[in-house]
Amino acid sequence: EADIYQTPRYLVIGTGKKITLECSQTMGHDKMYWYQQDPGMELHLIHYSYGVNSTEKGDLSSESTVSRIRTEHFPLTLESARPSHTSQYLCASSDVAVEKLFFGSGTQLSVL
Amino acid sequence: GENVEQHPSTLSVQEGDSAVIKCTYSDSASNYFPWYKQELGKGPQLIIDIRSNVGEKKDQRIAVTLNKTAKHFSLHITETQPEDSAVYFCAASRDNAGNMLTFGGGTRLMVKP
């Protein structure tokens, strides 16, 4: 069973609010990822990290930002949420030498 | 970059029947092909993977086949059960630590009891 946790599980907020989605893993993995999943199911990579102090933008442009100060923690922040940010956000991690991704259960974000 | 196409987007089968999901990829250098299953309310989970040095891999009721010449690979589920109902994703990547998986668009499989 994957030891990767996302909080909150569900979040409903108003436009303009600043939010942080939390992601933590206890597997010691160096690589971590954030995916945005639209209602049509498709997974879009928005951020990834190879290790502490490393962050990169993914294939899908996103107004969110990430940080990687500790190996186990990879939070995602939206400075000013908008309805267009409404989506499911999935965090994942992997060992550098192995391609297998471990996913968290996701955060369903709704911006009103 | 890599592009992965997945079909069908939805698939409905009767319990006990077989289900087949197909994917094509564009990068001939890709050599790692995993399949992920996403159950309702959960994140995707790896169920089987195959590398380009083999043409087929089986694990109980699921199997994956790979045709490198045609650049396509398929997931086969036999004797489907209601608990197989989920969204399935194929993916492809080059086999080194720096490369990212490229996912297909997903297939929603519904197994009717």
Side-chain angles (χ1 to χ4, degrees), chain A residues 1-10 21-25 27 29-51 54-60 74 76 87-108, chain B residues 1-11 21 23 25-27 29-53 57 59 64 85-110:
Chain A
E1 197 68 27
D3 295 323
I4 181 164
Y5 308 100
Q6 290 185 243
T7 57
R9 185 73 183 85
Y10 301 95
L21 308 185
E22 302 288 349
C23 177
S24 295
Q25 50 96 4
M27 296 172 282
H29 287 167
D30 283 319
K31 292 175 78 171
M32 295 190 74
Y33 316 78
W34 277 102
Y35 286 86
Q36 186 172 336
Q37 185 170 32
D38 58 30
M41 305 180 296
E42 198 159 349
L43 295 164
H44 302 283
L45 180 67
I46 53 175
H47 298 283
Y48 61 97
S49 166
Y50 287 126
S54 153
T55 60
E56 303 286 345
K57 290 191 179 294
D59 304 323
L60 182 69
F74 191 40
L76 180 146
S87 189
Q88 165 95 317
Y89 292 84
L90 288 163
C91 180
S93 71
S94 69
D95 189 284
V96 170
V98 179
E99 298 97 335
K100 179 179 179 179
L101 296 185
F102 292 87
F103 283 87
S105 294
T107 293
Q108 180 61 51
Chain B
E2 175 68 279
N3 183 50
V4 178
E5 300 279 343
Q6 183 171 346
H7 299 280
S9 58
T10 60
L11 178 59
I21 302 170
C23 289
Y25 61 98
S26 61
D27 185 355
S30 288
N31 53 11
Y32 174 66
F33 307 93
W35 286 87
Y36 285 78
K37 175 184 180 182
Q38 184 177 21
E39 297 177 337
L40 194 62
K42 298 183 179 180
Q45 184 175 10
L46 179 71
I47 55 171
I48 194 168
D49 57 10
I50 191 169
R51 296 185 187 277
S52 59
N53 57 342
K57 185 176 179 181
D59 183 3
V64 58
S85 295
V87 177
Y88 291 81
F89 293 96
C90 63
S93 77
R94 297 185 182 187
D95 186 15
N96 75 58
N99 283 305
M100 297 292 161
L101 286 175
T102 299
F103 284 94
T107 296
R108 189 178 303 277
L109 173 64
M110 292 168 285

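Throughout, a chain's letter reflects where its sequence line sits, starting with A, and its residues are numbered from 1.
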Spatial distance of atom [atom1] ([X]) from atom [atom2] ([Y]) [nearest 0.5 Å]:
{"X": "A/F103", "Y": "B/Q38", "atom1": "CZ", "atom2": "CD", "value": "8.0 Å"}
{"X": "A/S94", "Y": "B/L101", "atom1": "OG", "atom2": "CG", "value": "8.0 Å"}
{"X": "A/L101", "Y": "B/F103", "atom1": "CG", "atom2": "CZ", "value": "5.0 Å"}

**OP:** Identify which part of B/T102 has an atom lying under 4.5 Å from any heavy atom of chain A, answering side chain, backbone, both or neither.
**Re:** neither

Original post:
With a 4.5 angstrom heavy-atom cut-off, which part of B/P44 approaches chain A: side chain, backbone, both or neither?
Top reply: both

**OP:** Go through the atoms of A/Q37 and report whether side chain, backbone, both or neither lie under 4.5 Å from a heavy atom of chain B.
**Re:** side chain

Original post:
Picking from A/Q108, A/M41, A/E42, which has the most non-hydrogen pairs under 4.5 angstrom with chain B?
Top reply: A/M41

**OP:** Work out which heavy atom in B/Y32 is nearest to a heavy atom in A/K100; give both atom names and the distance.
**Re:** OH-N, 4.4 Å

Subject >> Qualifying residues under side chain to side chain contact (heavy atoms under 4.5 Å, CB included), relative to B/T10, sequence neighbours excluded >> reply: B/R108

Original post:
What residue in B/G106, B/G43, B/P34 has the most heavy-atom pairs under 4.5 Å with chain A?
Top reply: B/G43

